[in-house]
Amino acid sequence: MSDILSAALAGAPAEELAALPLPGTYRAAVVRRSETEMFAGIESAQKDPRASLHVEDVPLPELAPDEAYVAVMASSINFNTVWTSIFEPLPTFGFLDRLGKEGVWGRRHALDYHVVGSDGSGVVLRTGSAVRNWKVGDKVTIHCNYVDDQDPSAHDDSMLAATQRIWGFETNFGGLADIAVVKANQLMPKPTHLSWEEAAVNALCNSTSYRMLVSHNGAQMAQGDKVLVWGASGGLGSFAVQYVLNGGGTPIGVVSSPEKVALLHDLGVDAVIDRREANYRFWSDEHTQDEAEWRRFGKDIRDLVGGEPDIVFEHPGRQTMGASVFACTRGGIIVTCAATSGYMIEYDNRHLWMKLKTIKGSHFANYREAWDANQLVCQGKVLPPLSAVYTLEEVGEAAYQVHHNLHEGKIGVLCLAPGEGLGIDDAELRRRVGEDRITLFRRHGA
Ligand code: NAP
C-alpha cells in the first residue's frame, strides 16, 4: 500500500497509479459474525463499539464491471456504524446474506466479517470495464446510495428501488478501510478546497439533510420558512441549519449544552434552545406524554422567532416526536429520517389531522440529490462540520464518542492519509470561503 499511498499523495498520473500492483489484502474496520451475541442482555448504552470494532487485514474482493476501487484517504463515523457495532436493532449480517443471494457479484458480500463505513474521500485506483465517467487517479468523495441500475424500480427516484441499500451498512466493503469497493454511480468529485478529512465527512449527512429540506422529494423549504432542527449541531443538524440559512429561512436549533449553543451562534443560527437547560419533560413516565411540556416548548419557539415552525426536522424519534407534531404549524410538515431514541412513536393524532399537518418519511438521497448537495460543498456554500479526527486504529473510540453524543458535527477518520490538512488543491477558493468558517467545528471541538 505504501507505493500506492505515495503515488496518490503526489498526484501521480493515471498510468503510474494503474501500473502499481494492488495488494491481496487491505486494512479495514470490521465487525465479526462470531461476535454478534457479545452484548446479549446488556442495555444499549453499555454496548461498547470499542469491543466490537476490529481493525484487521481482509482479502481484496474481485471488482465487478460497474465498480471502482478507491484508495480511501479519510472516512467518517456515521450513526449507522454505531448501530452495526452494537448489533442493534439487529446484526447487519442479515443484510449481507440477503445481498449474497443476488448473483455472483452479490455473493462476495456474504462473509463472516463486515467492513463498515458509509463515507469516504480518496483516489480512484481501478475501474471496472463498464465504468465510463471516472478514471484512475480521480479524486473523489463517495455517497452511500447503493442501487442496481438494471432494476426498473430504481429509475423514478433510486431511493424507491426495491434493491436500494446503504453502502457499508447493508453492503460489505465500506469506507472505514484503506480500500473501498464502490459502484461507479456512488462517485462524486472531491471538493478541491478541502483536506481529505474535511471532504470525507459530508456525503452521508449532507445528502440526507438536502433531501429532507431542499429536494422536491422532501419538505421543499421556501424562503422565510421557520425550521425547527433537532440535534442542530450534530451530523444531520449541522447541515440542516446551513440549508435553512442558505435558503432564506429561519432555523431554530435545539441542542444540549452551552458549548453547542455558542457553536451554532458562530455558525449564524440566532435562535437556539438548550434542551437540557430548559429541562423539557415531554414524557412524564415511560407511557405518558405531558401536553403542558409540549406547550412550554411551543411557547419557547414562538418567543424566539415569533411563530410556529413550518418544518420540523426530526430524527430523535420517540423522545421528541410528540412535541414535534404538536409544535409544527397548521399545514406544516414534520420530515423524519430516524429514531435514535426509539422507533415506536407516539403523538396526539388530533393535532395532526385538525391542523392538517403532514409527517413525511425520508431516507438518504438519490444520486442527483447527493450530487447537487456535493456541488454546494464544492462551491464553499456548505461547510464541512468536521470537529474531531481519529486514526483508523482508533475507530472504536471514534464510534464510542458518537454513540454517547460526546461529539459535535462530524468525526473524521484518517485511513491512508498520514496526517491532517493534506489534499487541499485550491488554496485560493479555501481563502475565499474562509479558513475560519471551514474550521469552525474543528476549533470548537478542540
Ligand atoms: P448525531 O451526530 O449523533 O446527532 C444527533 C443529535 O441528535 C445529537 O447531536 C443530539 O443533539 C440529538 N439528540 C440525540 N438524542 C436526542 C434526544 N433524545 N432528544 C433530542 N435530541 C437528541 O447523529 P446524526 O448523524 O445526526 O444522526 C441522527 C440519527 O439519524 C441517527 O439515528 C442516524 O442513524 C440517523 N440517520 C438517518 C439517515 C437516513 O438516511 N435515514 C441518515 C443519517 C442519519 P443534542 O444532544 O445537542 O440535542
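This structure is a prediction, so every number in the text was calculated from the model and none was measured. Ligands are counted one by one from 1 in listed order, and the atoms in each one are counted from 1 as well.
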Point to revise | Atom indices of ligand 1 within 4.0 angstrom of Cys205 heavy atoms, with elements | key: 25 (O)
Practice item. Under 4.0 Å from a heavy atom of Gln319: give me the atoms of ligand 1 that qualify, with their elements. Key: 18 (N)
Practice item. Check whether any N or O atom of Asn405, backbone or side chain, sits under 3.5 Å from an N or O atom of ligand 1, and answer yes or no. Key: yes
Exercise for review: Number the atoms of ligand 1 from 1 as they appear, then name those within less than 4.0 Å of a heavy atom of Phe364, with their elements.
Suggested key: 39 (C), 40 (O)
**Study point:** For ligand 1, the portion of Thr208 having any non-hydrogen atom under 4.0 Å away
**Key:** side chain
Study note, to complete from the structure: The closest protein heavy-atom partner of atom 27 (O) of ligand 1 is Leu236 CD1, 3.8 Å
Exercise for review: Could you tell me which atoms of ligand 1, counted from 1 in the order shown, lie closer than 4.0 angstrom to a heavy atom of Gly234?
Suggested key: 2 (O), 4 (O), 9 (O)
Exercise for review: Go through ligand 1 atom by atom and flag the ones less than 4.0 Å from a non-hydrogen atom of Gly235.
Suggested key: 1 (P), 2 (O), 4 (O), 25 (O), 26 (O)
Practice item. Would you confirm whether Glu197, through its side chain, and Glu420, through its main-chain N or O, come within 3.5 Å as a donor-acceptor pair? Key: no
Review point. Is it the side chain (CB and beyond), the backbone, both or neither of Glu408 that lies under 4.0 Å from ligand 1, heavy atoms counted?
Key: neither
Review point. Is the shortest N/O to N/O distance between Ser341 and ligand 1 below 3.5 Å?
Key: no
Exercise for review: Could you check atom 5 (C) of ligand 1 against the protein and tell me its nearest heavy-atom contact, residue, atom and distance included?
Suggested key: His315 CE1, 3.8 Å
Practice item. Answer yes or no: does atom NZ of Lys47 have more than 12 heavy-atom neighbours from other residues, nucleotides or ligands under 6.0 Å? Key: yes
Point to revise | Atom indices of ligand 1, in the order listed, that fall short of 4.0 Å to a heavy atom of Ala338 | key: 29 (C), 30 (O), 32 (O), 35 (C)
Practice item. Give me the ring orientation class for His351 and Phe326: parallel if the planes are under 30° apart, tilted from 30 to 60°, perpendicular past 60°. Key: perpendicular
Exercise for review: Run the numbers for me: atoms of ligand 1, each under 4.0 Å from some heavy atom of Trp83, listed by number.
Suggested key: 32 (O), 34 (O)
Exercise for review: Test Asp274 against Ser256 for side chain to side chain donor-acceptor pair (under 3.5 Å), laying out the working first.
Suggested key: CA-CA 5 Å; Asp274 181 341; Ser256 63; 5.9 Å; no
Practice item. Tell me, please: is His407 in heavy-atom contact with ligand 1, that is, under 4.0 Å? Key: yes
Point to revise | Residue portion contacting ligand 1 (non-hydrogen atoms closer than 4.0 Å) for His363 | key: both
Review point. When you measure from the side chain of Lys357 to the backbone N and O of Val325, does any donor-acceptor pair fall under 3.5 Å?
Key: yes
**Study point:** side chain to side chain donor-acceptor pair (under 3.5 Å) between Thr439 and Arg443, intermediate numbers included
**Key:** CA-CA 6 Å; Thr439 57; Arg443 285 181 290 109; 3.2 Å; yes
Exercise for review: Check Asn78 against ligand 1 and report side chain, backbone, both or neither, counting heavy atoms closer than 4.0 Å.
Suggested key: neither
**Study point:** Arg276, any N or O under 3.5 Å of ligand 1 N or O
**Key:** no
Review point. Ligand 1 versus Cys337, non-hydrogen atoms closer than 4.0 Å: side chain, backbone, both, neither?
Key: both
Practice item. May I ask you to check whether Lys410 has an N/O atom sitting below 3.5 Å from an N/O atom of ligand 1? Key: no
**Study point:** Shortest protein heavy-atom distance from atom 33 (C) of ligand 1, along with the residue and atom involved
**Key:** Phe79 CB, 3.4 Å
Check your understanding: Going by the atom numbers of ligand 1, which of them fall below 4.0 Å from some non-hydrogen atom of Thr320?
Key -> 19 (N), 20 (C)
Review point. Is Leu204 in polar range of ligand 1, meaning some N or O pair under 3.5 Å apart?
Key: no
